[in-house]
Amino acid sequence: MFLQQEPSSRAPEAWQEPKEPKERPQGGADRASRKRKAGSHGDVSGTKAEPAAAESSSGTVPSPPPLIPLSRLGEIEAELICADEVDTELESGEPVAPAVPPAVPPAAAQAPAQGPGDSRGLRAGAGLRAALRDGSARCRQRDFAAAAAKFSTALELCSEGFALEDALKSSPDDISRLASWIESKLVICYLKLGQPGLALQHSHRSIIQSPSHFCNHLRQAACFRGLHRYSEAARSAMVAQCLYVLAEGAAPDTSDRLQLYWQAMAQEALSEEVSFSVLYTPFEKEDKADKIKEANKTFAEKHPDYVQHIFTDPHGIHLLPEKAEAHPGQQYLLTLGFRDKEIGKAVEKFVTQNLPVFPGQKITLSPSMEEEAETFWEHTGKRIMAAMAFLGSSRIKDERGPCARAIEQLHHASLLSHLHRGEEQAQVMAQAMAELATVPYLQRISQEDDKLLQSLMADAMDILAGRTGERVWTKIQKVALIEEFLREGEEHYLKASHVQIPGMENINWTPRRQKYLRLENTNMFIPNPRSLATGPKKRRIVFAKS
């Protein structure tokens, strides 16, 4: 379900002739069929996820959606992912209209919408136009290997300063849109060639250059699907659907297809999962603490095989992909239950703390512990990441802050760096950058959060370029480790002694809220990560060879 070193030798099903699968993965299908026969209701995946009650303050929970046939997914990918394969060609350098309306942030709603396939105001240089013409011609001839080579040449020309015919009149945004379009063509080529690993790298870059266009995120979902990383595919499809709706996309059928794709990826993610189960509880304006207690109790009753550790995500309101006509915009709480207590506790700590420490990160502090860190990752770390990825597949807004998910991915990349997995680290870092680039298009962010976002983006680019030095991200990691050691010391002290320090009973002071975070149940404070952020750094665009 996670990064694979070598490209898959088998093309994703959507890029071949779509066929109905003869067998579902072992365990997932059996559980799904048993659940359906048992009459479970509100099941988002057809497997284990069930809303806790048939009715809530917002109305009746929709009935369970049917499983999405594989052939339908192929149709959606063909209709949306390759929609601009012929209609939106940039090789001519002449103005053309995008095949589907791209998403734009609210602040830019008055400006003409432009997507990666829209060349209004652009005219590519002669050499670049020739490369794009050749690449597009090869695509039409279905010679995707040759097309990929031509588009890679075009990308090199962009990085060498030959992107536009009139360089003095061009802007960084123009070059970014052109580069994003070329990257998207490379995504399509490598998907057609059955190499989703290479396609994924280009999909991240396409999003970084043009994060507002929903098709870029849907292509990313197709890459994740080809790598069998279904939770991440579900998140990419969810982001694509949200961007399309926010941009007031004119075609209702497109929104429905995006929802269907998101739903299918969520179904696949749960059908193969055996270490945890989930439950969605309808939520609107009730007292969250009481609703969480109710959700945990209901989960234990419905899923007795997953009660070693149960928790409800307190920092996010979740959305389900299926269309509920009676309750548009219905929100849910998400409860997870685990077969393994330690894994459940690790996931809860990592996704609920404001400054998390990735499980196993402390192991890597000692060079002599590399073998132990590798063992931890193979047997435990991957299962923790699977649960965290599923949590993100239905959560757009995180109450911890808009950069919370990207920080989780940066922690993941740091651990991979300690394990000397350079290629995987680079992919996860690029994924974090794509996540950060998309945040402003999904929600309003404060000035402090924007400052943190810019700092983390600059740090990620420095790390990918191999530059060293003290960064905001380094400071956040250090502060998180300090918090964790203090928390462990507090727990050890409370277990070992219950002596109250004389004169300290009534002390209760709080530093400036915007600069510090208070440790739970203590009077100890640590810096807020937002206060560590630096000012915006100048953006550098680096185009790497395929």
Side-chain angles (χ1 to χ4, degrees), residues 1-8 183 187 195-209 211 216-217 219-221 223-236 239 269 346-347 350-351 356-361 363-364 370 373-374 376-378 380-393 398 403-439 453 455-467 471-474 476-477 480 542 544:
M1 194 171 177
F2 288 89
L3 295 167
Q4 62 182 47
Q5 295 282 357
E6 299 296 332
S8 172
E183 296 280 10
V187 174
Q195 300 182 41
L198 281 174
L200 182 63
Q201 297 178 34
H202 290 285
S203 75
H204 293 331
R205 297 174 193 169
S206 180
I207 291 172
I208 293 168
Q209 300 296 340
N216 289 340
H217 297 273
R219 292 186 185 102
Q220 185 187 53
C223 297
F224 282 133
R225 184 167 94 90
L227 294 168
H228 309 292
R229 294 163 58 179
Y230 298 114
S231 291
E232 291 163 286
R235 177 171 179 82
S236 297
V239 171
V347 173
F350 194 64
V351 301
V357 172
F358 189 84
Q361 185 173 334
I363 297 176
T364 63
E370 286 186 9
E374 184 73 32
F376 165 82
W377 173 248
E378 290 297 330
T380 304
K382 290 183 178 181
R383 295 163 69 186
I384 292 171
M385 287 303 302
M388 289 166 47
F390 185 82
L391 270 165
S393 68
D398 193 317
C403 300
R405 179 165 174 80
I407 287 176
E408 291 177 1
Q409 292 168 333
L410 289 170
H411 274 297
H412 182 193
S414 295
L415 180 59
L416 291 172
S417 175
H418 284 295
L419 296 176
H420 305 294
R421 299 189 176 191
E423 291 185 12
E424 294 180 57
Q425 178 203 7
Q427 283 199 31
V428 175
M429 194 69 71
Q431 186 178 350
M433 290 177 63
E435 187 82 34
L436 288 167
T438 308
V439 165
L453 187 152
S455 297
L456 291 176
M457 178 72 85
D459 290 350
M461 294 179 73
D462 286 345
I463 294 170
L464 281 174
R467 290 186 284 270
R471 302 183 182 87
V472 170
W473 171 239
T474 309
I476 290 175
Q477 286 182 295
V542 179

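Since the structure is predicted, the reported quantities are computational estimates derived from the model, not experimental observations.
- Separating the CZ atom in R405 from the CG atom in L436 is a distance of 11.5 Å, to the nearest 0.5 Å.
- Counting only heavy atoms from C-beta outward, the side chains of L464 and M433 approach each other to under 4.5 Å.
- Put simply, the side chain of D459 gets close to the backbone of W473: a donor and an acceptor are under 3.5 Å apart.
- The backbone N or O of F390 sits less than 3.5 Å from a side-chain atom of S393, completing a donor-acceptor pair.
- In this structure, L456 CG and L410 CG are separated by 6.0 Å, a value rounded to the nearest 0.5 Å.
- Among all heavy-atom pairs drawn from G197 and L227, the shortest one is N-CD2, 3.9 Å.
- Residues satisfying the side-chain contact (heavy atoms from CB on, under 4.5 Å) test with T438, not counting sequence neighbours, are I207, P211, H217, V239, L243, L442.
- Taken to the nearest 0.5 Å, the CD atom of E232 stands 7.5 Å off from the CD atom of Q409.
- M429 and A413 get closest at one heavy-atom pair: CE-CB, 3.8 Å.
- H412 pairs with exactly one of M388, M385, E424, Q431 by the side-chain contact (heavy atoms from CB on, under 4.5 Å) rule, that one being M385.
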| task | Could you walk me through whether Q209 and N216 pass side-chain contact (heavy atoms from CB on, under 4.5 Å), step by step? | result | CA-CA 10 Å; Q209 300 296 340; N216 289 340; over 6 Å; no
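- A pairwise comparison of heavy atoms in A386 and S231 identifies O-OG, 4.4 Å as the closest pair.
- Inter-residue side-chain proximity for F376 and L419 is flagged as unmet; no heavy-atom pair is nearer than 4.5 Å.
- Distance CD/Q425 to NE2/H420: 11.0 Å, rounded to 0.5 Å.
- To the nearest 0.5 angstrom, R225 atom CZ is 13.0 Å from S236 atom OG.
- Residues E374 and R421 meet the side-chain proximity criterion, which asks for heavy atoms closer than 4.5 Å.
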| task | Given side-chain contact (heavy atoms from CB on, under 4.5 Å), test R235 with E435 step by step and report yes or no. | result | CA-CA 11 Å; R235 177 171 179 82; E435 187 82 34; 2.5 Å; yes
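- The aromatic rings of H411 and F350 sit perpendicular, their planes meeting at an angle over 60°, well past the 30° parallel limit.
- Considering only heavy atoms from C-beta on, C223 comes within 4.5 Å of V187 through its side chain.
- When every heavy atom of V472 is checked against every heavy atom of S455, the shortest pair comes out as CG2-CB, 3.8 Å.
- To the nearest 0.5 angstrom, Q201 atom CD is 7.5 Å from E423 atom CD.
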